[in-house]
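Presented below is the structure to which this report refers.
Side-chain atoms are counted along with the backbone in the values below, which use heavy atoms only and exclude waters and symmetry mates.
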Amino acid sequence: MKYIDFLEKFKNFIIIDIENIKIVFPSFNSRRLYEWQKSGKIIKIMRGFYVFSNRKFNDSELCLIANKLREPSYISIEYALGYYSLIPETVFLRTNITTKKTVTIKSVIGNFSYRSIKENLFFGYKMEGQEGSKFKIAEPEKAILDLLYLRLDIKNIDDISSLRINLDVYKEIINDTKLNSYLKIFNNKILNKKVVLLKQYIKNND
């Protein structure tokens, strides 16, 4: 196969999956991918996933790639909190929640972190982003709970304070009823205590 034929078929793809290639070109020889990597035409992100080397990615596209590299997954924790302006920092590491093993994927286009969670806790996400590059991201209430659940270093109100939660944004977008209903699904005593500390912190700074 010629590279020009491959380019014509996949030039509009944000990320190219080897399975997609085999659907379009059933007799495709995967050695071509190695050759095109060596010649600098494409970049291997991880086994089975590639991007064109001259492609520039916006935030939505990188979040979509994060979802695609490990399925099922959705963006959460610090990146999601930053996305909703609940914390002031700009977060570059896209941490995803997945039902698969915890892992970090490092690549030339960015690093993607995946935190494992039980299947019954894989909920509370929605679609965001631009048309053509929509991605799954935790709802703000779920992002907060995911963070408190997975961050073992958060133990007291000082730790809550160190998150530097934007109180104005919190009061505007956090649905307390939804937060409580999601909390019940976790059914975790330690998380319950952390949420009590969070609410105490919000009240103290009201």
Side-chain angles (χ1 to χ4, degrees), residues 1-84 89-119 121-139 142-143 146-147 150-151:
M1 172 191 281
K2 294 181 179 179
Y3 175 74
I4 192 169
D5 297 322
F6 177 83
L7 175 62
E8 182 61 29
K9 288 293 183 181
F10 293 101
K11 61 185 178 183
N12 294 323
F13 279 56
I14 295 170
I15 185 166
I16 306 162
D17 185 337
I18 185 65
E19 298 303 322
N20 295 140
I21 298 173
K22 290 180 178 178
I23 289 171
V24 178
F25 301 109
S27 60
F28 181 78
N29 184 344
S30 59
R31 182 169 177 77
R32 297 284 85 79
L33 295 171
Y34 176 74
E35 293 170 355
W36 296 336
Q37 285 178 71
K38 290 203 72 173
S39 61
K41 293 181 174 69
I42 63 173
I43 297 170
K44 181 179 179 180
I45 303 303
M46 62 172 286
R47 183 177 180 181
F49 292 95
Y50 303 83
V51 298
F52 289 110
S53 57
N54 61 351
R55 178 72 183 261
K56 304 298 181 184
F57 301 98
N58 60 38
D59 287 340
S60 291
E61 291 170 339
L62 287 170
C63 287
L64 171 63
I65 290 171
N67 285 173
K68 290 288 186 182
L69 293 179
R70 202 161 183 81
E71 294 181 314
S73 67
Y74 64 86
I75 303 284
S76 191
I77 313 185
E78 286 92 350
Y79 190 91
L81 296 181
Y83 179 85
Y84 294 119
E89 291 82 12
T90 299
V91 181
F92 295 102
L93 180 64
R94 288 167 173 81
T95 300
N96 297 252
I97 297 300
T98 181
T99 55
K100 295 185 177 181
K101 291 181 180 179
T102 292
V103 68
T104 297
I105 298 171
K106 296 182 178 181
S107 77
V108 297
I109 65 169
N111 298 331
F112 308 95
S113 173
Y114 299 84
R115 298 293 304 273
S116 181
I117 205 166
K118 296 177 183 177
E119 287 189 12
L121 301 180
F122 191 86
F123 69 93
Y125 55 88
K126 60 182 180 177
M127 301 300 294
E128 285 278 302
Q130 304 168 2
E131 197 60 43
S133 59
K134 290 190 176 294
F135 58 92
K136 300 183 187 76
I137 187 169
E139 296 172 314
K142 186 58 162 48
D146 285 341
L147 178 92
L150 292 170
R151 284 276 301 271

Is it true that atom CD of Glu119 has more than 12 heavy atoms of other residues, nucleotides or ligands lying nearer than 6.0 Å? no

Does NZ in Lys126 sit with more than 12 non-hydrogen atoms of other residues, nucleotides or ligands closer than 6.0 Å? yes

Euclidean distance, [Y] [atom2] relative to [X] [atom1], rounded to 0.5 Å:
X	Y	atom1	atom2	result
Ile97	Ile137	CD1	CD1	11.5 Å
Ile75	Leu81	CD1	CG	12.0 Å
Ile43	Tyr50	CD1	OH	12.5 Å
Leu33	Lys44	CG	NZ	9.0 Å
Leu62	Phe135	CG	CZ	10.0 Å
Ser133	Ile15	OG	CD1	13.0 Å

May I ask you to decide whether Arg32 forms a salt bridge with Glu35, counting only side-chain N to carboxylate O separations under 4.0 Å? yes

Does a salt bridge link Glu78 with Arg151, judged by any charged N lying under 4.0 Å from a carboxylate O? yes

Considering only residues two or more places apart or on different chains, which pairs with a residue in residues 97-110 satisfy side-chain hydrogen bond (donor to acceptor under 3.5 Å, both in side chains)? none

Any side-chain heavy atom of [X] within less than 4.5 Å of one from [Y]?
X	Y	answer
Arg94	Asp59	yes
Glu128	Lys134	no
Tyr83	Cys63	no
Lys142	Phe123	yes
Val91	Tyr79	yes
Arg70	Asn96	no

Looking only at heavy atoms, which two atoms of [X] and [Y] are closest? And how far apart?
X	Y	answer
Leu69	Tyr114	CB-OH, 3.4 Å
Ile14	Leu64	CD1-CD2, 3.5 Å
Ala138	Ser76	CB-OG, 3.5 Å

Parallel, tilted or perpendicular: rings of Phe28 and Phe25 (30°, 60°): tilted

What class does the angle between the rings of Phe6 and Trp36 fall in, given that below 30° is parallel, 30 to 60° is tilted and above 60° is perpendicular? tilted

Is a side-chain donor-acceptor pair under 3.5 Å present for Tyr74 with Asp146? yes

Cation-pi, Phe49 ring and Lys68 (6.0 angstrom, 45 degrees): no

Scan residues 5-16 for pairs that pass salt bridge (Lys or Arg N to Asp or Glu O under 4.0 Å), counting only residues two or more places apart or in two chains. Glu8-Lys11

Looking at Ser53 and Gly40, would you say the former's side chain and the latter's main chain have a donor-acceptor pair under 3.5 Å? yes

